[in-house]
Amino acid sequence: MALKRHRLCQRRKTLGFSQERLAETLGVDRSTVVRWENAETDPQPWHRTRIAAALQVTPDQLDGMLGDVSIARRRGQVVGDDAKAAPARTELLDPLRAFLTTSYLPPAIRLAPRTVDVRRSVGQLHRLYQQASYDDVARQVPDVLSQATVLAGNSSGLQRSTAIKLLAAAYLAASKLAVKAGDGEIALVTADRAATAAHLVEDKALAGVAAYQASCAYLRLSGHMHEAEQTALASIEQLSVRQRVDDPDLLSVRGALTLLSAVVAARLGRSDDANSRLADAERLAANLGADGNRMWTAFGPTNVVIHRVSVAVDAGQYDRAFEVSKPLDTSKLPAGLVSRRAQVHLDLAVASAAGNEGPSLAVLHLLEAERVAPETISANIHARTLVTNLLSKERRSATPGLRPLAMRAGLIS
């Protein structure tokens, strides 16, 4: 379907502005105005005051015009004036919320757990998350955080350093779950706690992953896209200065941050920056040599291609997303990376719904994502929103699998 901010276009025409004349008035290229009107990008904050003045509207009125089809709403949705965000699965985070509410109190665990047991539990959290077993992560994360907290508080010497690293890793798993469920505030709190622990023991790799999670958290908070980008870029710079070229952990973390920064650039409408960062990530993946999962990043050549699909979708280049995905072989990923495999189909579902392919193919990709990772539709806020908006435009004869999918996801009864 064609994307258009109709009220923005109409206001320009009412005032007698051509796209060229408006661009000249604002001091930008005509192509920039075209991208704004086609909802390919959102105007930067410093442009909005000038746009409002040129169009003789208030900033709030301009926000309404831009909100007809905004880049922030486009991902995970069927685009249109009636697009609605799906309700998040708030209950998924209830155990984590309860833990965070009482985390300042003395832990209920009387005996300090063994380091080996906490390491096993933390590793299991990350494995479950990457297997898209989000309900299991939600149930287990408070207990693992409690154990890690007690271990860190009752350790000394080298064991204390290990315990604090495990505490950081446990908070990273909690932050991942919050990001997936769409709660940016909890994601940011838990990422910050992970970062504090990582910096306390001067673990650069863990600190980099914490920055990655903080950046993801900012993406879940409205109006914080630039904070997301700056957090990722600052961490990349730090790793670039201090990184050992032969350290696969640091290389993987830097690669993951570079991929994330490419996604953010695409969402900000800066395709050149996004493509440049993808090229940087490709070089890092080549240095790493193979697909891997160091520091739970899933970084490697295949994940770079997966992000090329995501960047194309975020840039509104839906045909390119399909083109990039054709040679993609997700079987090259390590076996446990189920959520990464499902992500490709979620991206292509968005491309189908918002592009030329239509809702039928979108539903097929959603069903394939569900087959690969059964909990991904029910837990992923973007997937839930896409299903909700496909339902709002449903033609049952064209998408017979949509309604049963929505029922399994708990979106309708």
Practice problem: Would you please test D183 and R97 for salt bridge (Lys or Arg N to Asp or Glu O under 4.0 Å) and show each step? | Solution: CA-CA 11 Å; D183 194 319; R97 288 192 187 94; 3.3 Å; yes
Practice problem: Check step by step if side-chain contact (heavy atoms from CB on, under 4.5 Å) holds for L26 and W36. | Solution: CA-CA 13 Å; L26 298 172; W36 290 340; 3.7 Å; yes
Self-check item: Worked check of side-chain contact (heavy atoms from CB on, under 4.5 Å) between Q130 and N293
Solution: CA-CA 10 Å; Q130 293 188 320; N293 191 28; 2.7 Å; yes
Quiz item: Taking it one step at a time, do Q10 and T14 satisfy side-chain contact (heavy atoms from CB on, under 4.5 Å)?
Solution: CA-CA 6 Å; Q10 187 58 47; T14 298; 3.5 Å; yes
Quiz prompt | Candidate pair Q317 and E323, rule side-chain contact (heavy atoms from CB on, under 4.5 Å), full reasoning | solution = CA-CA 10 Å; Q317 300 168 354; E323 179 184 347; over 6 Å; no
Exercise. Apply salt bridge (Lys or Arg N to Asp or Glu O under 4.0 Å) to E24 and R21, showing your working.
Key: CA-CA 5 Å; E24 183 180 351; R21 184 181 167 198; over 6 Å; no
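Between R48 and P43, the closest heavy-atom pair is NE-O, 3.1 Å. When all heavy atoms of V304 and A281 are compared, the pair lying nearest together is CG2-O, 3.9 Å. Of all heavy-atom pairs between A169 and V122, the closest is CB-CG1, 3.5 Å. In this structure, L145 and L167 approach most closely via the heavy-atom pair O-CD1, 4.3 Å. When all heavy atoms are compared, the tightest approach of T376 to A369 is CG2-O, 3.6 Å. Closest approach of G184 and R220 over heavy atoms only: CA-CB, 3.5 Å.
Taking CG from L166 and OG1 from T162, the interatomic distance works out to 7.0 Å, rounded to the nearest 0.5 Å. Distance check: T330 OG1 to I306 CD1 gives 6.5 Å after rounding to the nearest 0.5 Å. Atoms CH2 and CG, on W296 and L206 in that order, are 5.5 Å from each other to the nearest 0.5 Å. Of the inter-residue distances, the one linking H199 atom NE2 with I164 atom CD1 reads 13.5 Å to the nearest 0.5 angstrom. In this structure, L348 CG and L364 CG are separated by 11.5 Å, a value rounded to the nearest 0.5 Å. Separating the OG atom in S252 from the CE atom in M295 is a distance of 9.0 Å, to the nearest 0.5 Å.
When side chains are defined from C-beta on, H365 counts as touching S352, because their heavy atoms get closer than 4.5 Å. Looking at R7 and Q61, their side chains never come closer than 4.5 Å, going by heavy atoms from C-beta outward.
The ring pair (Phe, Tyr, Trp, His ring centres under 6.0 Å) contacts involving residues 200-224 comprise Y218-H224, where partners must be two or more places apart or lie in separate chains.
At most 12 heavy atoms of other shown residues, nucleotides or ligands fall within 6.0 angstrom of atom CD in E185.
The salt bridge (charged side-chain N to carboxylate O under 4.0 Å, His left out) check on R50 picks up nothing, with sequence neighbours excluded. In this view, A52 and V57, L62 satisfy the side-chain contact (heavy atoms from CB on, under 4.5 Å) rule, not counting sequence neighbours. For N287, the side chain to side chain donor-acceptor pair (under 3.5 Å) test picks out no residue, with sequence neighbours left out.
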Quick one: side chains of residues 401-410, donor-acceptor pairs under 3.5 Å with protein atoms, not counting sequence neighbours, listed by atom name and distance.
| residue | atom | partner | partner atom | Å |
| --- | --- | --- | --- | --- |
| R403 | NE | E394 | OE1 | 3.3 |
| R403 | NE | E394 | OE2 | 3.4 |
| R403 | NH2 | E394 | OE1 | 2.6 |
| R408 | NE | E370 | OE1 | 3.4 |
| R408 | NE | E370 | OE2 | 2.8 |
| R408 | NH2 | E370 | OE1 | 2.8 |

Please tabulate, one pair per line, all N/O donor-acceptor pairs under 3.5 Å involving side-chain atoms of residues 174-181, not counting sequence neighbours.
| residue | atom | partner | partner atom | Å |
| --- | --- | --- | --- | --- |
| S175 | OG | A187 | O | 2.9 |
| S175 | OG | Q213 | NE2 | 3.4 |
| K176 | NZ | H126 | ND1 | 3.2 |

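No hydrogens or angles considered: a donor-acceptor pair under 3.5 Å links the side chains of D291 and T302. A donor-acceptor contact closer than 3.5 angstrom is absent between the side chains of D117 and Q147. In summary, the side chains of E37 and Q19 do present a donor paired with an acceptor at a separation below 3.5 Å, with no hydrogens or angles considered.
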